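Data first, discussion second: the structure below is written as structure tokens.
Not measured: the values here are computed from a predicted model. Only this structure's heavy atoms are used, side chains among them; waters, hydrogens and symmetry mates stay out.
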Amino acid sequence: MSLRSRLDRALGGAAKDHPAQDRPGELRERLERIAGRAVEASRKTGPSHDPGEEALGGEIFAGGQGSFVLVRNTFPESYFHGTLPLGAIRAISPRIVSMLTKESFPCAPGECIFIDTETTGLAGGAGTVAFLVGVGFFSEGAFHLHQYFMRDYHEEKAMLSHLREVLASARGFVSFNGKAYDVPLIEERYVLNRTRTNLRGLPHLDLLYPSRRLFKGLFDDCRLKTLEVKVLGMAPREDDIESFLIPQCYFDFVRSGRTAMMKKILSHNRLDIITLVALTAHIGRLLSDPLASPDAHLAKVGRFHRESGDRCMGTACLEEAVKRGREGESFEAALHLSLHYRREGRLDEAASLWHAMIEEHRSQDPFPFIELAKYYEHRLKDPGRALEVLARLKYQASAHSPRFLKELARRESRLEQKAAAGKSRLNDHF
């Protein structure tokens, strides 16, 4: 029965019970205006637009604390996202995961929950709400992806309550910038809803940081969508939504109930989580068999192994990158390999690399010139040859800062004094 019908019955009943009042017209008009505004408001906002199974491909979960929408998808482990199946993640050893996290990791990535959120703001803070939380996990030979979506702010408590059951089973998390953003935000929302959690206390593999170590400088940026194309070999996403637009799209949805942009946001979130799995598997394979890495990645992989404590493998990767001779990567590999040689006292081998960086790469970087000059000055006690190297650097040094030029002149002056003193001793000897 509509609100207007109920008003008619109520007013009619009042007239029968109190015939002297005879259904006062002024009161009726006021109530009808209020009813009209309520009906109009219900068309514009609130959960009455009820996007569930039909609109978003999900189902509406209702309980004592309210309702929300849950969208579920399942992918077999044989499902390819890029060049590897999702199940390839199971081949990653605990040692590799510990390298990625820089700490002991008590479980395999395939035993973790993959998590990503879409929020009402990108800066975080108490006023920021995660209106969509996507979680993925492996179970019974498949990857299950659940997306928890609140259609309005009052559905947050119900959504978080149901999500808590899934998060309670987590042995660890895998995310992309989730350690600093997604997980603290979710935990904060639980606190504001008077619920205790310990999400930040769980092991967390945040792929943002190892991705930067491995790929920074190779591409324009290290965003997940960029790595999806450049590392996983995927085609660029079609009709995807940019992250900075997502908060405003949600605000518009809450006001209007239109679901078109919400479908895009759900798809965006779903692709991000599947890419997380594929990227984890790819990085794991890259580090497990580093000498099989593409030329462009070999120097970065070598540095990663060296910095993670595997000096032998790191050195082997850098030496292989130098041997392959790909221009940019070979120079970077030679630079870092020479530093490792220098630390280990292998100065003759380091000098050979510095010489190659100058001659073969026609380097404009002052590093190999300075290091080779220091090698001739201190190791070979030959200030004359050191001066020759600095003369070549000085010829191209106009692009460098005044401070660097001043230091170069001071170094050159000291070498000239040493060279003159050496000639003087030689003359005295004869």
Query raised in the report: Do C249 and M262 have side-chain heavy atoms sitting under 4.5 Å apart?
Result: yes
Requested in this report: Would you check, one step at a time, whether the test side-chain hydrogen bond (donor to acceptor under 3.5 Å, both in side chains) holds for R303 with H336?
Outcome: CA-CA 7 Å; R303 287 186 62 194; H336 292 286; 3.2 Å; yes
Report task. Determine, step by step, whether L390 and I370 satisfy the side-chain contact (heavy atoms from CB on, under 4.5 Å) criterion, reporting the C-alpha distance in whole Å, the side-chain angles of both residues, the deciding distance to 0.1 Å, and the verdict. Result -> CA-CA 7 Å; L390 290 185; I370 297 296; 4.1 Å; yes
**Report entry** N/O donor-acceptor pair under 3.5 Å between Q147 side chain and G134 backbone
**Finding:** no
Query - E307 with R213: basic N within carboxylate O range, under 4.0 Å - result: yes
Query raised in the report: Are there more than 12 heavy atoms of other residues, nucleotides or ligands under 6.0 Å from atom CZ of R311?
Result: no
Query raised in the report: Is there side-chain contact between S293 and C317, with heavy atoms separated by less than 4.5 Å?
Result: no
**Report entry** Heavy-atom neighbours of R200 CZ exceed 12 at 6.0 Å
**Finding:** yes
**Report entry** Stepwise ring-ring contact (aromatic ring centres under 6.0 Å, His included) test for F131 and F251
**Finding:** CA-CA 10 Å; F131 66 84; F251 300 146; 8.4 Å; no
Query raised in the report: Is it true that R306 and E344 have a side-chain N and a carboxylate O under 4.0 angstrom from each other?
Result: yes
Query raised in the report: Given the rule in the salt bridge (charged side-chain N to carboxylate O under 4.0 Å, His left out) test, do K323 and E319 qualify, once you have shown the distances and angles that lead to the verdict?
Result: CA-CA 6 Å; K323 190 187 302 181; E319 288 174 341; over 6 Å; no
Report task. State, with a plain yes or no, whether a side-chain heavy atom of S211 is found less than 4.5 Å away from one of L279. Result -> yes
Query raised in the report: Do F143 and T74 have side-chain heavy atoms sitting under 4.5 Å apart?
Result: no
Report task. Show the numbers, then the answer: is there a side-chain contact (heavy atoms from CB on, under 4.5 Å) between F137 and I115? Result -> CA-CA 9 Å; F137 54 90; I115 190 165; over 6 Å; no
Report task. With the side chain counted from C-beta on, respond yes when T117 and L132 share a heavy-atom pair under 4.5 Å apart, and no when they do not. Result -> no
Query - Minimal non-hydrogen separation, F105 against H204, with atom names - result: CE1-N, 3.5 Å
Query raised in the report: Strictly by modelled atom types, are Y250 and T119 linked by a side-chain donor-acceptor pair under 3.5 Å?
Result: no
Report task. Working to the nearest 0.5 Å, report the span between CZ of F149 and CE of M159. Result -> 9.5 Å
Query raised in the report: Side chains of R189 and T128: do they bring a donor and an acceptor to under 3.5 Å?
Result: no
Query raised in the report: Has the side chain of H297 got a donor or acceptor atom that lies under 3.5 Å from a matching backbone atom of L286?
Result: no
Query raised in the report: When you look at H340 and T315, which way does the side-chain hydrogen bond (donor to acceptor under 3.5 Å, both in side chains) test go after all the steps?
Result: CA-CA 8 Å; H340 298 319; T315 299; over 6 Å; no
Query raised in the report: Do other residues, nucleotides or ligands put more than 12 heavy atoms under 6.0 Å from the CZ atom of R285?
Result: no
Query raised in the report: When you check the gap from the basic side-chain N to the acidic O, do R258 and D252 get nearer than 4.0 Å?
Result: no
Query raised in the report: Has the side chain of S288 got a donor or acceptor atom that lies under 3.5 Å from a matching backbone atom of G284?
Result: yes
Query raised in the report: Going by distance alone, is a donor N or O of one side chain under 3.5 Å from an acceptor N or O of the other, for T226 and D221?
Result: yes
Requested in this report: Please assess Y209 against T101 for the test side-chain hydrogen bond (donor to acceptor under 3.5 Å, both in side chains), listing each intermediate value before the final yes or no.
Outcome: CA-CA 9 Å; Y209 307 106; T101 58; over 6 Å; no
Query - Ionic contact status for R403 with E407, cut-off 4.0 Å - result: no
Report task. I would like to know whether Y341 and D348 meet side-chain hydrogen bond (donor to acceptor under 3.5 Å, both in side chains); could you show each step before the answer? Result -> CA-CA 9 Å; Y341 283 163; D348 294 341; over 6 Å; no
Requested in this report: Apply side-chain contact (heavy atoms from CB on, under 4.5 Å) to the pair E371 and R342, showing each step before the final yes or no.
Outcome: CA-CA 10 Å; E371 293 300 322; R342 189 183 67 182; 2.9 Å; yes
Report task. Please answer whether the main-chain N or O of V129 pairs with a side-chain N or O of T120 as donor and acceptor at a distance below 3.5 Å. Result -> yes
Report task. Classify the ring geometry between F367 and W354 as parallel (under 30°), tilted (30 to 60°) or perpendicular (over 60°). Result -> perpendicular
Report task. Fit a plane to each ring of F75 and Y79, take the angle between them on a 0 to 90° scale, and name the class: parallel (under 30°), tilted (30 to 60°) or perpendicular (over 60°). Result -> tilted
Query raised in the report: Do K264 and D239 meet the salt-bridge criterion of a basic N to acidic O distance under 4.0 Å?
Result: yes
Query raised in the report: Does the cation-pi check pass for R90 over F138, that is, NZ or CZ under 6.0 Å from the six-membered ring centre and within 45° of its axis?
Result: yes
Query raised in the report: With under 30° as parallel and over 60° as perpendicular, where do the rings of H162 and F61 fit, or are they tilted in between?
Result: perpendicular
**Report entry** Check: K230 and L218 side chains under 4.5 Å, non-hydrogen atoms
**Finding:** no
Query raised in the report: Taking D206 for the side chain and N177 for the main chain, is one N or O donor matched with an acceptor at less than 3.5 Å?
Result: yes
Query raised in the report: Just by distance, do the side chain of R164 and the backbone of R196 share a donor-acceptor pair under 3.5 Å?
Result: yes
**Report entry** Side chain to side chain, V166 and H144, heavy atoms closer than 4.5 Å
**Finding:** no
Report task. Count the heavy atoms of every other residue, nucleotide or ligand shown that sit under 6.0 Å from CD of E103, and state whether that count exceeds 12. Result -> yes
Query raised in the report: Salt bridge between E242 and R223, side-chain N to carboxylate O under 4.0 Å?
Result: yes
Report task. Determine whether F114 and V135 make a side-chain contact, defined as any pair of heavy atoms from C-beta on separated by less than 4.5 Å. Result -> no
Requested in this report: Under the side-chain contact (heavy atoms from CB on, under 4.5 Å) rule, what do Y148 and V69 come out as? Steps first, then yes or no, please.
Outcome: CA-CA 6 Å; Y148 295 79; V69 174; over 6 Å; no
